[in-house]
Amino acid sequence: MPLVFKNSFTRAKEEFKPIDDGKVRMYTCGPTVYGFAHIGNFRTFIFEDLLRRYLKYKGYEITHVMNLTDIDDKTIRDSQAEGISLKEFTTRYTKAFFEDLDTLGIERAEHYPAATDHVDEMVAMIKKLVERGMAYEVDGNYYFKIAAFPNYGKLANLDMAGLKAGARVASDEYEKDSVSDFALWKAWDEADGDVYFETEIGKGRPGWHIECSAMSMKYLGQHFDIHTGGVDNMFPHHENEIAQSEGANDKKFVNYWMHSEYLLVDGRKMSKSMGNFFTLRDIIEKGYSGVVMRYMLMATHYRQQLNFTFDGLEADRKALDRYNDFISNLSDYAGGESSGEASEITKKLLTGFETHLDDDLNISGALGDVFDFIRDINRLKAENKLSVEERDEALAAMRKIDTVLAFEQKQEMIDADIEALIVERTEARKSKDFARADEIRDELLVQGIVLEDTAQGVKWKRKV
RNA sequence: GGCGGCUUAGCCAAGUGGUAAGGCAGAGGUCUGCAAAACCUCCAUUCUCCGGUUCAAAUCCGGAAGCCGCCUCCA
């Protein structure tokens with residue numbers, strides 16, 4: 001089965017063929033580190049994690065770059081409001097961002113270049129664009145000349161000639177040749193305070209779009225395989241990246257563009273004024289673990305809008321329990337007689353899982369295969385028709401697909417006092433003191449420990 | 001005004017021509033302390049509506065309704 005992706009640029013599903021055999025170079029638009037990232041941001045990062053992990057599963061060697069935007073209007077404004085340096089301010093939120101990635105089980109990219117560390121590369125690129133007649137300077141500001149790039153608008157399918165000069169164009173940009181031209185470099189002004197770079201093209205700071213072009217080129221070359229991001233970045237950001245990169249290099253920039261759809265909350269785009277705005281930290285504080293959020297953000301196909309609700313999160317918690325209970329209970333299973341069916345069932349899981357993910361990361365289909373497998377193996381187990389070898393084969397398959405899903409919860413050691421309570425409860429049950437036993441169980445639940453009385457004795461797990 | 005997407009069971013969600021995956025909820029059952037947890041079984045003659053093409057349509061074509069988004073802050 002060939003691996004197929006929907007390419008936003010051609011608007012068609014295409015077989016994935018890397019530029020270099022067995023290797024994938026991909027770029028992802030990362031966060032602007034001026035606050036805690038919200039769950040909509042993480043929907044995109046989870047999609048990219050699924051893509052990355054599945055490419056690795058398929059045996060590709062990945063070079064993945066995610067930029068950190070640590071300079072822009074918002075970072076400057078908010079750091080000044082706090083009276084701390086831009087660096088101190090963005091370092092705080094960069095650290096928080098990596099903590100959040102860990103919470104969600106998102107695998108690290110190979111490179112996380114920060115914009116402020118790559119101003120030289122951006123300046124070089126701007127100079128090149130000016131030399132080639134693709135950019136011009138007005139009062140220390142540099143703009144990209146869209147008229148010099150005939151393909152502009154091709155990604156977003158916009159006809160620039162038909163665009164109206166809308167009310168949203170800022171009035172202070174009157175000096176541009178065309179309202180559509182975008183800033184590559186912003187000359188220093190008083191509002192920037194001590195935030196500026198002294199460079200060959202003057203004192204100022206880079207625009208947002210140029211950083212992704214300059215940094216992707218530095219780490220991935222002028223032409224690479226996959227560029228991802230949220231749909232809202234398609235225009236103008238990615239359109240501008242194409243214009244800058246191809247304008248500077250005269251070479252195709254990216255082979256496959258992949259965009260993830262929006263996350264909505266209660267059917268609407270998140271906004272602070274609507275009261276439906278959540279950071280990952282808000283969700284964690286409400287008692288959900290990162291892996292539940294991971295499941296929710298991942299379980300709906302990346303090109304479908306995902307409506308976030310707490311009811312949905314509860315349902316996902318249960319589904320995730322089923323996944324983890326299966327692995328845990330199967331690991332504890334002592335094995336029985338083989339019925340000869342298990343190998344076929346396990347093979348079906350792997351085939352189905354791969355066939356679905358090969359089809360533009362059809363995760364819902366893949367999860368359907370996983371839950372089919374869980375039911376089929378549980379049935380054999382209930383009838384004692386699963387041998388030790390078959391059990392291990394099934395577990396190995398689950399571990400294999402979990403390198404992509406990363407849903408499995410390893411049960412770390414529990415505290416001595418919790419252990420003592422579990423022992424006390426077992427004693428209480430022996431002496432038929434069920435009131436005390438239930439009291440202890442409820443107490444442990446508050447601490448996030450769920451107990452299960454099985455024929456082989458008591459089991460515990462952490463609530464996810 | 002221009003461009004794009006979506007509408008499948010109570011909720012979430014796969015399925016792009018061959019007769020409706022999966023999860024949650026619900027019902028029944030196994031185990032058990034008439035418990036919890038876990039596990040098993042059942043649960044859409046039908047895919048927003050109206051036409052059309054076809055031996056065959058949730059899937060293709062035309063039309064209607066509703067919802068979401070993009071058109072220079074935005075994952």
Side-chain angles (χ1 to χ4, degrees), chain A residues 8 11 13 28-32 37-48 72-74 146 153 156-160 162-166 168-170 173 179-183 208-209 228-237 239-240 259-264 267-271 295-296 299-301 303-307 309 311-323 325-326 328-329 352 356 359 362-375 378-379 381-383 428-429 432-435 437-438 441-442 445 450-455 458-461:
Chain A
S8 308
R11 282 163 273 278
K13 278 191 185 179
T28 290
C29 291
T32 300
H38 58 68
I39 56 177
N41 298 123
F42 286 114
R43 190 204 182 176
T44 299
F45 299 138
I46 286 282
F47 145 64
E48 289 149 352
D72 81 325
D73 292 345
K74 289 173 292 191
I146 283 174
N157 198 24
L158 290 176
D159 176 10
M160 297 315 288
L163 273 190
K164 290 180 290 189
R168 295 177 69 182
V169 175
E173 292 178 354
V179 288
S180 302
D181 289 352
F182 58 91
W208 176 41
H209 311 298
T228 62
V231 275
D232 51 333
N233 273 164
M234 208 159 149
F235 192 87
H237 185 55
E239 196 71 63
N240 292 354
H259 291 95
S260 63
E261 256 298 343
Y262 258 110
L263 173 133
L264 304 176
R268 300 197 164 272
K269 188 168 169 174
M270 273 194 287
S271 73
Y295 186 98
M296 164 166 259
T300 295
H301 190 265
R303 285 190 289 104
Q304 288 294 326
Q305 288 183 350
L306 166 62
N307 186 28
T309 63
D311 284 347
L313 203 54
E314 278 299 336
D316 290 333
R317 165 137 72 190
K318 299 279 183 54
L320 191 62
D321 273 337
R322 184 161 166 77
Y323 183 97
D325 288 337
F326 173 71
S328 166
N329 293 340
H356 278 118
D359 181 17
N362 181 352
I363 187 70
S364 306
L367 288 176
D369 294 322
V370 173
F371 287 107
D372 278 343
F373 172 75
I374 287 174
R375 188 198 54 234
N378 272 337
R379 191 186 289 138
K381 188 159 74 72
E383 292 165 5
R429 288 185 72 223
K432 307 273 184 211
D433 183 1
F434 297 119
D438 290 351
R441 194 184 58 218
D442 293 344
L445 185 61
V450 180
L451 295 184
E452 181 184 348
D453 297 318
T454 73
V458 64
K459 280 186 69 173
W460 64 272
K461 68 183 174 190

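None of these values were measured; they are calculated from a predicted model. Chain letters run A, B, ... following the sequence lines, proteins first and then strands; every chain starts at 1.
Distances were taken from every side-chain heavy atom of A:Thr32 (C-beta onward) to each of B:rA75, B:rG33, B:rC71; the shortest belongs to B:rA75. Residue A:Ser364 has its side chain nearest to B:rA21 when only B:rA21, B:rA75, B:rA25 are considered. Closest contact between the side chain of A:Lys74 and the listed nucleotides B:rG69, B:rC73, B:rA25 involves B:rC73. In the set B:rU72, B:rA14, B:rC70, B:rU72 carries the atom at the smallest distance from any side-chain atom of A:Pro236. With distances taken from any side-chain atom of A:Lys318 to the nucleotides B:rC70, B:rG23, B:rA25, the minimum falls on B:rA25.
Within the 4.5 Å cutoff, no side-chain heavy atoms of A:Trp460 are placed close to those of A:Glu452.
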Any protein N or O atoms within reach of nucleotides 37-40 of chain B? Criterion: under 3.5 Å, listing atom names and distances.
from, atom 1, to, atom 2, distance (Å)
B:rA38, OP1, A:Asp325, OD2, 3.4
B:rA38, O4', A:Glu452, OE2, 3.2
B:rA38, O2', A:Asn329, ND2, 3.0
B:rC39, O3', A:Asn378, ND2, 3.3
B:rC40, OP1, A:Asn378, ND2, 3.4
B:rC40, OP2, A:Arg322, NH1, 3.2

Protein-nucleic acid N or O pairs under 3.5 Å, nucleotides 4-6 of chain B:
none

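A:Ser260 comes within 4.0 angstrom of no nucleic acid atom, judged by non-hydrogen atoms across all strands.
Under the Watson-Crick or G-U wobble criterion, with both distances below 3.5 Å, B:rA38 is paired with B:rU30. Across all strands shown, B:rA14 forms no Watson-Crick or G-U wobble pair with both distances under 3.5 Å.
Looking at A:Asp316, its side chain has no donor and acceptor atom pair within 3.5 Å of the base of B:rG23.
Taking the six-membered ring where the residue is Trp, A:Phe326 and A:Phe373 present perpendicular rings, their angle passing 60° and hence far from 30°.
Ion pair A:Arg441/A:Asp438 flagged as a salt bridge, since at least one NZ, NE, NH1 or NH2 atom sits closer than 4.0 Å to an Asp/Glu carboxylate oxygen.
Atom name C1', nucleotides B:rC43 and B:rC24: the rounded distance is 13 Å, in whole Å.
Between the side-chain ring of A:Phe434 and the base of B:rG33, a stacking contact exists by the 5.5 Å and 30° definition.
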